[in-house]
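Worksheet for the structure shown next.
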Amino acid sequence: MIDLSIKALEVTFPGLATPALSIDEFRLAAGGKLAVTGASGSGKSTLVNILTGLERPRTGAVRWGGTDIASLSESRRDRWRGETIGLVMQDFYLFEGLSALDNILLPARLARAATAEMTERARELLRIVGLSRPEQKVETMSRGEMQRVAVARAVVRRPAVIIADEPTASLDSESGAQVADLIMTLAEREGSTLIVVSHDPALIGRFDKRIRLVGGRIAAETIEAAA
Amino acid sequence: MIRFILADLNRFRLGAFFIAAIVALAVALGVAVTLQERALRLGSARAAEKFDLIVGAAGSETQLVLSSVFLQPSALPLMPGKVLSDLEADPRVAWAAPIGFGDFFGSSPIVGTTTTLVKNISAGVSEGAVFAREGEAVIGADVMLPMGATVKPMHGTLGEGGHTHTELAYTVVGRLKPTGSAWDKAILVPIKAVWDIHGLGHHHDDGDADEHDHDHAAADQNAAKPAGTEMAEHHDGHDDHDEHDHHAIDPNEAINEQWQGELPGLPAVVVKPKSIADAYKLRQQYRKDATLAVFPAEVLTKLYATLGDVKKVLSAVAGGAQLLVGAALILVIVMHIGQRRKQIGALRAFGAPREAVFGIVWLELFGLVAAGVVAGIGLGYLAARVIAARLAADSGFHMPVSFAAEDGGALALLLLAAACLCLLPAIIAYRQPPASALRG
């Protein structure tokens, strides 16, 4: 498991006077769980892009378990992301025409990392997320089911880190609760570091450690004692 | 990856189908032009190979070849019949045979000639026998007539306002083996019958040669005149005798190809020289005064030179169409990639390497284009076959539509160009930053 360390990070976009994200120092222990909140435009998405290596920080350092992801080339970062980060997004980004099982395995297959063992694991994950038909095409599923497939996809390669960006925002409260449960349970089971960006109070309330972003800066950091 | 590509193509199957179809049409255009031109070249060369040297009256070389080799109806000038007897007597000549035209049966030209020519242009009869009497005819392989059928010759074609001859009706006695040339559509009859019908030459047996004046002299002034033997060389001074006098022609009279007396005018004589040297000497000798001698192969080569230019133009048009289609497709595809940047970004976000994204886009596109190219080759081949079949049905002139080894190179070049063209959208997808694709 790997920890996160951010130092002197500043992300600016052309045409914007203030940086979209500015974090002097932040740490998250390996296996830690963090909720990130903030209004829209507060820098949440930028933070997700930086943490997942989708965007390369020009100033400052972002280290996951000692790897400065800013120093990796685009292709190396793709490979690193595939191996290290499990991503769940608000729009599930499942690929129509493919079955639930194929969707779960697609990124691994494209990275030539899929194995028979991983296929087995994908079937098991489908059982865990409560889907009984691995061959069902995703376009015939409900939104709740789709997000559960997306969760299974995020964890199939046993990533050290799970990052979920508004995972419940496009679901009704019941499905949202189910998905939130699954993410928490799976992260716990795998011992993954978990970062959830959300404004869903029911989801945020389940995290002991929370930060709130305002104007790209950490405005508040809350650490509740475990109940 | 393959499964993902197939699923993706299936999702956009209508668009994918149209892309492949447009590529196919553009390719088919080029393929059809190439194949058709080659077919025409091979077909006409094959049709001309039986005709070593053709002697006709001075005039257009091209017309002489088109009329004699391809039996294209036209008004050929006539040369004195003596040319034929001279050629037959010439020691450098293996054989010489007259051809006379002007009459039709339906759309089949009726060609008057000798048994020598019949035996030499075809590999023999497939049924029946070659004509032996004046009222007998042997038909080309493609003429839809049964043995024993009666052929009433019509002067000119119906479309030209021709009229039916009543002097003689031929009986079909044989069918020739296919030659793959226009002669497969022809009805071959003794040249003497053609002369007699048109009131030319001497009817040696009935002894009333003086009566041979014929109403054609008048008729021909009105009727559009295909090449004919009737251009009045032999009116025996009886021009005032315009009584409608159908002389009796005996259809059972055995033909005699040992010419006696003066022969009527002829549009063309086919000559088989004994050697190449003889061929050149003969050509030189008959290329002066009132006669013209041509090697059909040489005339065709000149025609191909013209045809070659036309082919270049057509090929350029086809190439331009392919280029336009290629450019339009790239535009559409780049726009499509732009619309799907989020999806492509997502693939990257979930851990697919950018090389895989590149591979997917390229393979998917190239697959489509290659499918279009293959379909286009099939389509072009089919189109060329249909055109060739149509022409064969019209003229009896067979054009062998076939691929040649050089087409393989052209195909490889086309696929290579397509592969390069597909690189562009693939590179765009490869370079697309995943974060900006997902944002918003």
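Every heavy atom of this structure was used, including side-chain atoms; hydrogens, water molecules and symmetry mates were not. In what follows, chains are A, B, ... by sequence order, proteins preceding strands, each numbered from 1.
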Measuring heavy-atom distances to chain A, does Phe12(B) have an atom under 4.5 Å in its side chain, in its backbone, in both, or in neither?
neither
Between Arg112(A) and Glu355(B) (salt bridge meaning N to carboxylate O under 4.0 Å), is one present in this structure?
no
Counting only pairs under 3.5 Å, give me each side-chain donor-acceptor contact of residues 314-339 of chain B, with atom names and distances, residues two or more places apart or in other chains.
from      : atom 1 : to        : atom 2 : distance (Å)
Ser315(B) : OG     : Lys311(B) : O      : 2.9
Gln322(B) : NE2    : Ala26(B)  : O      : 3.1
His336(B) : NE2    : Arg340(B) : NH1    : 3.2

As an exercise, state the distance from CZ of Arg3(B) to CG of Leu98(A), rounded to the nearest 0.5 Å.
8.0 Å
Could you name the residues of residues 150-165 of chain A that have a heavy atom within less than 4.5 Å of a heavy atom in chain B?
Arg153(A), Arg157(A)
Winner by heavy-atom pair count (cut-off under 4.5 Å) against chain B, out of Arg77(A), Glu96(A), Glu83(A), Lys137(A):
Glu96(A)
Excluding sequence neighbours, so at least two apart, what forms side chain to side chain donor-acceptor pair (under 3.5 Å) with Arg76(A)?
none
Quick one: pull up CZ in Arg11(B) and CZ in Phe95(A) and give me the separation to the nearest 0.5 Å.
8.5 Å
Using the side-chain contact (heavy atoms from CB on, under 4.5 Å) rule, take Leu106(A) and Leu347(B) through it: C-alpha gap first, then chi angles, then the decisive distance, then the call.
CA-CA 9 Å; Leu106(A) 179 65; Leu347(B) 275 178; 3.8 Å; yes
Portion of Ser75(A) that has a non-hydrogen atom of chain B nearer than 4.5 angstrom
both
Can you list the steps and then say if Phe350(B) with Ile85(A) is a side-chain contact (heavy atoms from CB on, under 4.5 Å)?
CA-CA 8 Å; Phe350(B) 294 125; Ile85(A) 308 274; over 6 Å; no
Counting only heavy atoms not in Arg385(B), do more than 12 fall under 6.0 Å of its CZ?
no
Atom CZ of Phe403(B): over 12 foreign heavy atoms under 6.0 Å:
yes
For Leu87(A) and Ala349(B), work out which heavy atoms get closest and say how close.
CD2-CB, 3.6 Å
Any sub-3.5 Å donor-acceptor pair from Arg81(A)'s side-chain atoms to Arg348(B)'s backbone N or O?
yes
Need one label for Asn103(A): side chain, backbone, both or neither, based on atoms under 4.5 Å from any heavy atom in chain B.
neither
Close side-chain approach of Leu110(A) to Ile360(B), heavy-atom, < 4.5 Å:
yes
To the nearest 0.5 Å, atom CZ of Arg109(A) lies from atom CD1 of Ile2(B) at 12.5 Å
Can you say whether Arg79(A) sits under 4.5 Å from chain B via the side chain, the backbone, both, or neither, judging by heavy atoms?
neither
Residue pairs involving residues 139-148 of chain A (criterion salt bridge (Lys or Arg N to Asp or Glu O under 4.0 Å); sequence neighbours excluded)
none
I'd like to know which of Gly86(A), Ala108(A), Pro107(A) tops the heavy-atom pair count under 4.5 Å against chain B.
Pro107(A)
